[in-house]
Amino acid sequence: MPPRYQIRADYDARTIVVYQAYSPAIADAALRAGRFVTPFSFHRMTWIKPSFLWLMHRSNWARKPGQERVLAVRISREGWEEALSRAVLTTADPAALAEAAVHVQWDPERSLRGAALNHYSIQVGIGRHLIRTFTDDWVVSITDLTPQVHKAASLIRAGHAAKSQRLFPSERVYPLPRALEDRLARSG
């Protein structure tokens, strides 16, 4: 059984993949430009998630209105760790949270069918004061995963869950520096 609070992600030596779901207008513009551009909002928090299955639960496999397109956003590990170093847990003092550039919350990880599991997945909210750094400096590439998400969902609905898993990104434990582990630690 995995530890209760653990970051699992698709990553390599320089980058980590986080997932986001958007409307077609936002996704199409980002894919054409190779970066986030209008109509993406640079004036509100954007949440990034390294757990593919958690985003599948959140977006209902790209069927939820406004979340019909699933993007794999590859960002630098340097940027990811900078965000985490500036994070405040959403369970912190409200005044500290209001001042934070980055919010972190731990939510139950999800199964293929959306059931809550007994370990947690990290969600990272990049605040509006840091969002340009995220979009302009940290993002390395953006890939549309919507076709494979739809195919995986169809396989699951047809009773072929094992086949669907071949379409999922490979996720493994992300090695956090000790100081970041301590910063993100949750009791319980």
Side-chain angles (χ1 to χ4, degrees), residues 1-22 26-27 30-31 34-36 40 46-62 64 67-85 87 102-126 131 133-156 160-177 180-181 183-184:
M1 183 156 100
R4 288 189 60 148
Y5 299 96
Q6 181 180 70
I7 298 172
R8 296 187 58 78
D10 177 6
Y11 64 91
D12 60 28
R14 296 182 318 104
T15 63
I16 180 172
V17 178
V18 294
Y19 303 98
Q20 295 185 287
Y22 288 109
I26 292 171
L31 290 162
R35 61 189 184 88
F36 289 104
F40 176 88
T46 191
W47 288 86
I48 57 177
K49 301 142 186 80
S51 168
F52 178 78
L53 283 178
W54 198 93
L55 186 64
M56 294 308 96
H57 165 72
R58 177 78 172 93
S59 70
N60 192 20
W61 294 87
K64 191 172 188 180
Q67 297 183 28
E68 301 94 343
R69 299 288 292 284
V70 172
L71 301 180
V73 182
R74 187 169 290 276
I75 64 174
S76 70
R77 284 178 63 172
E78 182 179 317
W80 170 251
E81 291 181 12
E82 180 181 335
L84 296 179
S85 75
V102 178
H103 294 184
V104 162
Q105 64 188 45
W106 292 94
D107 294 316
E109 182 57 277
R110 298 297 171 156
S111 72
L112 281 175
R113 300 198 186 279
L117 300 176
N118 62 359
H119 58 282
Y120 292 78
S121 180
I122 197 169
Q123 321 305 319
V124 178
I126 308 294
I131 203 153
T133 302
F134 166 71
T135 61
D136 297 347
D137 300 339
W138 299 348
V139 172
V140 173
S141 66
I142 302 172
T143 305
D144 187 358
L145 296 185
T146 309
Q148 78 187 60
V149 165
H150 287 164
K151 185 174 183 178
S154 293
L155 286 167
I156 292 165
H160 302 289
K163 285 183 184 178
S164 74
Q165 290 178 333
R166 288 183 241 154
L167 298 169
F168 299 173
S170 175
E171 295 175 357
R172 61 193 196 281
V173 176
Y174 184 87
L176 276 179
L180 289 179
E181 271 186 35
R183 181 176 191 83
L184 302 174

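Heavy-atom basis, side chains included; hydrogens, waters and symmetry copies ignored. No experiment lies behind these values; they were computed from the predicted model shown.
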Taking all atoms of both residues into account, what is the closest heavy-atom pair of [X] and [Y], and its distance?
X	Y	value
Gln20	Trp47	NE2-O, 3.0 Å
Val70	Asp144	O-OD1, 3.4 Å
Gly114	His57	O-ND1, 3.7 Å
Leu112	Gln165	CD1-NE2, 3.5 Å
Thr146	Glu68	CG2-O, 3.5 Å
Ile126	Ala83	CD1-CB, 3.9 Å

Close side-chain approach of [X] and [Y], heavy atoms under 4.5 Å:
X	Y	answer
Val18	Lys49	no
Met56	Phe168	no
Ser51	Arg58	no
Thr46	Thr135	no
Pro50	Tyr11	no
Val73	Ile48	no
Val104	Arg183	no
Asp12	Arg74	yes

Can you tell me how far [atom2] of [Y] sits from [atom1] of [X], rounded to the nearest 0.5 angstrom?
X	Y	atom1	atom2	value
Leu184	Leu176	CG	CG	6.5 Å
Asp136	Ile131	CG	CD1	10.0 Å
Lys151	Ser164	NZ	OG	11.0 Å

Checking the side chain of [X] only, and the main-chain atoms of [Y] only, is there a donor and an acceptor separated by less than 3.5 Å?
X	Y	value
Arg8	Glu171	yes
Arg35	Val139	no
Arg110	Leu55	no
Trp61	Ala152	no

Over 12 foreign heavy atoms within 6.0 Å of CZ, Arg14: no

Among Arg4, Gln6, Glu109, the one residue meeting side chain to side chain donor-acceptor pair (under 3.5 Å) with Tyr120: Arg4

Among Val17, Thr15, Val124, the one residue meeting side-chain contact (heavy atoms from CB on, under 4.5 Å) with Trp80: Val124

Residue that, paired with Tyr19, satisfies side-chain contact (heavy atoms from CB on, under 4.5 Å) out of Leu53, Leu71, Asp10: Asp10

Full working for side-chain contact (heavy atoms from CB on, under 4.5 Å) between Tyr5 and Ile122: CA-CA 8 Å; Tyr5 299 96; Ile122 197 169; over 6 Å; no

